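Read through the structure below, which is laid out as structure tokens, and then see the notes.
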Amino acid sequence: MRLLVIGGTRFVGRAIVEAALRGGHDVTLFNRGSDTASFPEVPRILGDRNTDAIERIGEQSWDAVVDVTAYRPEQVRSAMRALRGRAAHHVFISTVSVYADAVAEGADESAPLADADEANVPPDPRAAYGELKVLCERAMRDATDSLTVLRPTIVIGEHDPTDRFAWWVKRIAQGGRLRVPARDDQPVQLVDAGDLAAFAVHAAEQSLRGTFNVTAPVERLTLRGMVEVIAGVAGVSVELEHVDSLDFPLCIASGPVDWGIYTLSSAAARGAGLRLRPLRDSTGDVLRTVRTS
């Protein structure tokens, strides 16, 4: 398979390229070339998707395109214009943040989306991340019928720039007293970047059509349960000190009414080929990175 990855050198994109190369696929990257150390053997088309440079990708054709870095609808439209007639299938990496507030526990992909009007949504993804991803999905669907939309939850693994999960791993690995928010029962969903990447490549290989929540684990996981898994992998004992503060990574600042976003169903994705590693395995990878960095 000839595969174009838009992005491809950071975290999720990097994992997707690694998965595609392991599968023996012919990969090309489109990016600005700011990271020249990653995948020096992989051909690149250098350009900035925010300018007309993305038109360069129209000179070739691919069996599939994976778009990892679209955060605004105009970025999608520009890429899709350039790729018209040049790509058989598209895979778009979206997010569970597209769902409306107070999504129902166990909701599937039919859950209501955030209200997104392009005329009123701020253009900065830091201010309207979920709404902009809704608009990106809409722009993708307007441009093609051969489309996979993946909505991952919190992605974890090596090379994670957010430190949301790694913060817990680093702190818990020290053992001893651990300050935690006073909400042991808050649900948490995490998906390994490698699992997301493997499913994205599978979707490209199979020209899989549809929208899929990419969430894990299948069983309900709580903050306390996550702490226990990490402590077990690290081989340490921790004494939990509950505090009123909610200023912790992975902690939902509002009340239980908004906890549904961490309980979404991945049944459709699993039925279509998503395979999930146990959290302890992902934790082990992150812990090794933490201890050697």
Side-chain angles (χ1 to χ4, degrees), residues 3-23 25 27 29-31 34-35 37-39 42 64-71 91-98 125 129-130 133 136 148-170 173 188-205 208 211-218 221 226 229-230 233 249-250 261-262 264 266 268-270 272-293:
L3 180 68
L4 175 68
V5 179
I6 303 178
T9 58
R10 298 185 71 233
F11 196 31
V12 170
R14 178 173 179 160
I16 290 170
V17 173
E18 290 172 345
L21 293 176
R22 284 195 301 271
H25 298 301
V27 180
L29 302 181
F30 177 89
N31 56 40
S34 55
D35 179 356
S38 300
F39 311 114
V42 174
V65 176
V66 180
D67 194 335
V68 186
T69 62
Y71 299 100
V91 179
F92 178 62
I93 308 300
S94 186
T95 170
V96 297
S97 295
V98 297
Y129 177 60
K133 282 290 194 176
C136 287
T148 309
V149 174
L150 303 184
R151 294 172 178 167
T153 185
I154 301 295
V155 185
I156 64 174
E158 298 177 89
H159 313 295
D160 177 5
T162 71
D163 205 40
R164 288 174 292 186
F165 180 69
W167 182 91
W168 287 95
V169 174
K170 286 184 284 190
V188 179
Q189 282 189 316
L190 311 161
V191 66
D192 191 288
D195 296 343
L196 171 59
F199 188 51
V201 173
H202 171 74
E205 292 169 338
L208 186 64
T211 301
F212 302 91
N213 294 332
V214 187
T215 62
V218 177
L221 176 69
M226 182 189 74
V229 169
I230 297 171
V233 172
L250 306 180
I261 196 65
Y262 277 162
L264 295 170
S266 63
R270 287 183 282 112
L274 172 65
R275 299 294 177 263
L276 299 171
R277 302 172 69 202
L279 178 58
R280 62 180 179 272
D281 292 352
S282 302
T283 300
D285 290 343
V286 175
L287 182 61
R288 282 189 291 274
T289 301
V290 166
R291 286 176 168 170
T292 57
S293 60

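From a predicted model like this one, the values you see are computed outputs, not experimental measurements.
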Please give me the minimum heavy-atom distance between [X] and [Y], naming the atom from each residue.
X	Y	value
P249	W168	O-NE1, 2.8 Å
S266	L274	CB-CD2, 4.5 Å
P152	I93	CG-CG2, 4.3 Å
A20	V201	N-CG2, 3.8 Å

- Message: Going by side chain to side chain donor-acceptor pair (under 3.5 Å), R277 matches just one of D195, T283, D285. Which one?
- Response: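 Among D195, T283, D285, the one that satisfies the side chain to side chain donor-acceptor pair (under 3.5 Å) with R277 is D285.
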- Message: Tell me if the CZ atom of R10 is crowded by more than 12 foreign heavy atoms within 6.0 Å.
- Response: no
- Task: Show your working on side-chain contact (heavy atoms from CB on, under 4.5 Å) between F212 and T148 and close with a plain yes or no.
- Result: CA-CA 8 Å; F212 302 91; T148 309; 4.0 Å; yes
- NZ (K170) and CD1 (I230) are apart, to the nearest 0.5 Å, by 12.0 Å
- Message: List the residues meeting side chain to side chain contact (heavy atoms under 4.5 Å, CB included) with A197, not counting sequence neighbours, and say none if there are none.
- Response: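 Partners of A197 under the side chain to side chain contact (heavy atoms under 4.5 Å, CB included) test: A15, I16, A19.
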- Task: Report the C-alpha separation of K133 and F92 in whole Å, then their side-chain angles, then the decisive distance to 0.1 Å, and conclude whether the side-chain contact (heavy atoms from CB on, under 4.5 Å) test is met.
- Result: CA-CA 10 Å; K133 282 290 194 176; F92 178 62; 3.9 Å; yes
- Under the side-chain contact (heavy atoms from CB on, under 4.5 Å) criterion, do L208 and F199 qualify, and how do the steps go? CA-CA 10 Å; L208 186 64; F199 188 51; 4.0 Å; yes
- So, does T215 use its side chain to make a donor-acceptor pair with the main chain of L264 at under 3.5 Å? yes
